[in-house]
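Down below is the structure, laid out as structure tokens.
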Amino acid sequence: MPNTLLILWPMGALAALTFVMLSGILITRLAAAKAGQVTPRDFAFGESERVPKQSRLISRNYSSLFELPVLFYVLCLMLFVTKTVSDVQLILAWAYVALRVLHSLIHVTINHILFRLLAFAGSVTVLLTMWVLFFVQLA
């Protein structure tokens, strides 16, 4: 049984990825504004079509980091609070983070749909496995 605190590290790593994507939004939007491609009105209701594709991709990826990963954060906190962190759960948590990093890299670089789907599906499978193991362990 590993130190329960170790489950906080994958959570921190995923949070770091979220902040990296947020920084990417800021950098690409400022660059677009400086180049005269966008104005503040282009963001009044989200993002207009004038916003460069790269900035929109990063923004969409950032948004996705507040969707399914919420279940990851909740589960990790549940593992921490119940002191049921196992080596398997810790390995799966790091696998989830690695797959989300891979998904983000694919999304904001080559944006190959099949590769992106495989990374996403892998992360969903890992997260589902973590949830099932948590409840099996409680039973």
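Heavy atoms only: backbone and side chains are in, while hydrogens, waters and symmetry mates are out.
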Does the side chain of [Y] come within less than 4.5 Å of [X]'s, by heavy atoms?
| X | Y | value |
| --- | --- | --- |
| His103 | His107 | yes |
| Val124 | Leu68 | yes |
| Leu102 | Phe115 | no |
| Val126 | Thr129 | no |
| Leu133 | Gln137 | no |
| Pro52 | Val38 | yes |
| Leu77 | Met11 | yes |

For the residue pair Arg50 / Thr39, report whether a side-chain donor-acceptor contact shorter than 3.5 Å exists.
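No - no donor-acceptor pair under 3.5 Å links their side chains.
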Glu47 and Ser59: side chain donor to acceptor below 3.5 Å:
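Yes, Ser59 and Glu47 have a side-chain donor paired with an acceptor closer than 3.5 Å.
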Looking at [X] and [Y], what are the two nearest heavy atoms and their distance?
| X | Y | value |
| --- | --- | --- |
| Ile58 | Met21 | CG2-O, 3.3 Å |
| Trp94 | Ala13 | CZ3-CB, 3.8 Å |
| Arg100 | Leu14 | CB-CD1, 3.9 Å |

Straight-line distance of [X] [atom1] to [Y] [atom2], nearest 0.5 Å:
| X | Y | atom1 | atom2 | result |
| --- | --- | --- | --- | --- |
| Leu127 | Leu99 | CG | CG | 11.0 Å |
| Leu79 | Leu90 | CG | CG | 9.5 Å |
| Ile25 | Leu57 | CD1 | CG | 11.0 Å |
| Leu6 | Cys76 | CG | SG | 11.5 Å |
| Leu17 | Ser104 | CG | OG | 4.0 Å |
| Tyr62 | Ser23 | OH | OG | 9.5 Å |

Does the Gln89 side chain pair with the main chain of Met130, one donor and one acceptor, at a distance under 3.5 Å?
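Yes.
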ILVMFWY cluster, [X] and [Y] together (side-chain gap under 4.5 Å):
| X | Y | value |
| --- | --- | --- |
| Phe80 | Val74 | yes |
| Ile91 | Leu75 | no |
| Val97 | Val70 | yes |
| Val88 | Ile7 | yes |
| Leu71 | Leu65 | yes |

Does Tyr73 have more than 12 heavy atoms from other residues, nucleotides or ligands lying within 6.0 Å of its OH?
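More than 12 within 6.0 Å, yes.
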Go through the steps to decide whether Val132 and Leu128 satisfy the test side-chain contact (heavy atoms from CB on, under 4.5 Å), and finish with yes or no.
CA-CA 6 Å; Val132 168; Leu128 177 61; 4.3 Å; yes
Do Met78 and Val81 pass the side-chain contact (heavy atoms from CB on, under 4.5 Å) test, and can you show the C-alpha distance, the side-chain angles, and the key distance before you say yes or no?
CA-CA 5 Å; Met78 289 168 58; Val81 168; 5.9 Å; no
Report the residue from Phe120, Trp131, Phe72 that forms a ring pair (Phe, Tyr, Trp, His ring centres under 6.0 Å) with Tyr96.
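Output: one option passes, namely Phe72.
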